[in-house]
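A short worksheet on the structure shown next.
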Amino acid sequence: LCCADALGLDLRKASSDSLLAAANAVFKAVCACGPDLRHPTGDAALEFLYGVILTDEQDNLVPATTFNFCRFGDGQIDRSPTGSGVSARLAAMWHKGQLAVGESRTFCSILRSEFVGHIAETVPDVYVRAPSVLGGGDSPAVPVEAVRVSVAGRSFYTGAQVL
């Protein structure tokens with residue numbers, strides 16, 4: 001998650017090309033740091049950076065609609081608000097005390113499609129292995145506060161291209 005405003009961009013006004021260029025720069029900068037990425041479950045197949053979510057940082061303005069831009073894979077743009085991005089933002093909002101269990105937010109994509117997400121419940125007894133962000137090695141499993149979220153929306157198949 002990265003605030004677009006911090007990069008000098010307004011998600012509601014910036015072109016998709018400028019948003020993608022900024023997200024690509026963030027992706028490359030994070031990868032260049034060589035962080036020790038570890039999936040909480042220990043699944044090595046999931047230990048890589050797959051995308052960057054640019055946000056409008058309107059997390060504290062409940063119930064206003066908030067915007068996401070998702071760069072994923074090899075630099076593709078998700079036309080939707082992105083379910084995993086909405087899930088991450090909901091969990092971060094809950095952790096910061098900006099949303100409570102049962103509260104909802106609406107998330108909008110650059111195409112103005114919307115997903116609605118809410119904090120469904122807290123999840124007790126979650127333990128994860130939390131390595132140092134900059135490669136400090138393994139640590140023992142530690143308890144963390146966690147939530148289960150729900151995301152709903154609509155999507156449409158819009159076409160395909162074959163080369």
Side-chain angles (χ1 to χ4, degrees), residues 1-40 45-120 130 132-135 145-163:
L1 300 173
C2 180
C3 177
D5 290 343
L7 304 173
L9 297 168
D10 181 337
L11 285 182
R12 291 170 180 81
K13 297 177 183 173
S15 70
S16 59
D17 288 341
S18 62
L19 293 169
L20 181 58
N24 282 337
V26 170
F27 184 88
K28 289 176 185 171
V30 171
C31 289
C33 290
D36 185 16
L37 299 175
R38 304 280 176 93
H39 193 271
L46 299 174
E47 294 174 348
F48 61 94
L49 181 62
Y50 186 67
V52 172
I53 308 288
L54 299 180
T55 73
D56 62 2
E57 202 63 23
Q58 300 298 308
D59 296 355
N60 61 337
L61 299 179
V62 176
T65 296
T66 184
F67 283 72
N68 275 2
F69 174 88
C70 177
R71 174 257 190 235
F72 68 95
D74 295 322
Q76 294 91 345
I77 298 171
D78 194 333
R79 295 178 308 268
S80 78
T82 309
S84 57
V86 168
S87 297
R89 287 192 68 197
L90 287 166
M93 289 175 188
W94 174 81
H95 183 74
K96 293 185 272 186
Q98 296 166 329
L99 279 182
V101 172
E103 291 185 320
S104 299
R105 272 312 280 280
T106 300
F107 297 82
C108 196
S109 75
I110 61 169
L111 296 181
R112 305 305 190 255
S113 58
E114 294 183 349
F115 285 178
V116 176
H118 74 273
I119 307 294
S132 166
V133 173
L134 297 177
E145 295 180 336
V147 288
R148 183 168 289 116
V149 302
S150 175
V151 178
R154 296 173 46 174
S155 64
F156 303 92
Y157 182 76
T158 57
Q161 178 179 3
V162 179
L163 299 176

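FYI, side chains are in, hydrogens and waters are out, and symmetry mates aren't considered; it's all heavy atoms of this structure.
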Query raised in the report: Is the number of heavy atoms from other residues, nucleotides or ligands within 6.0 Å of NZ (Lys13) greater than 12?
Result: no
Requested in this report: Report the distance from atom CE of Met93 to atom CG of Asp59, rounding to the nearest 0.5 Å.
Outcome: 3.5 Å
Report task. Measure across Leu7 and Cys2 and return the closest heavy-atom pair with its distance rounded to 0.1 Å. Result -> CD1-SG, 3.9 Å
Query raised in the report: If you draw the axis of the six-membered ring of Phe107, does the NZ or CZ of Arg89 fall within 45° of it and under 6.0 Å from the ring centre?
Result: no
Query raised in the report: For atom CZ of Arg12, is the number of surrounding heavy atoms from other residues, nucleotides or ligands below 6.0 Å larger than 12?
Result: yes
Query raised in the report: Crowded around Arg154 CZ? As in, over 12 foreign heavy atoms under 6.0 Å?
Result: no
Query raised in the report: What's the shortest heavy-atom distance between Ser150 and Leu90, and which atoms?
Result: O-CD1, 4.2 Å
Requested in this report: Decide yes or no on side-chain contact (heavy atoms from CB on, under 4.5 Å) for Leu163 and Gln161, but give the supporting numbers first.
Outcome: CA-CA 7 Å; Leu163 299 176; Gln161 178 179 3; 3.3 Å; yes
Query raised in the report: Is a side-chain N or O of Asp56 found less than 3.5 angstrom from the main chain of Phe67, in a donor-acceptor match?
Result: yes
Query - Side-chain heavy atoms of Asp78 within contact of Ser109, under 4.5 Å - result: no
**Report entry** Atom pair CG (Leu1) and SG (Cys70), whose distance is rounded to the nearest 0.5 Å
**Finding:** 10.0 Å
Query raised in the report: Which value, rounded to the nearest 0.5 Å, describes the distance between Leu99 atom CG and His118 atom NE2?
Result: 11.0 Å
Requested in this report: Over all heavy atoms of both residues, which pair between Ile119 and Trp94 is shortest? Give the atoms and the distance, please.
Outcome: CD1-CB, 3.8 Å
**Report entry** Between OH on residue Tyr50 and CZ on residue Phe27, distance to nearest 0.5 Å
**Finding:** 10.0 Å
Query raised in the report: With a cut-off of 6.0 Å (strictly less than), are more than 12 heavy atoms of other residues, nucleotides or ligands near CD of Gln76?
Result: yes
Report summary line: Nearest heavy-atom contact between Cys108 and Pro81 is C-CG, 4.0 Å
Query - Nearest heavy atoms of Leu20 and Gly75, plus distance in Å - result: CD1-O, 3.4 Å
Report task. Check whether any side-chain heavy atom of Thr55 lies under 4.5 Å from a side-chain heavy atom of Thr66, and answer yes or no. Result -> no
Report task. Please report the closest heavy-atom contact between Thr82 and Asn68, naming both atoms and the distance. Result -> O-ND2, 4.4 Å
Query raised in the report: What's the spacing between Phe115 CZ and Thr106 OG1 if we round to 0.5 Å?
Result: 12.0 Å
Report task. Look up atom CZ in Arg79 and atom CD1 in Ile110, then write down how far apart they are to the nearest 0.5 Å. Result -> 10.0 Å
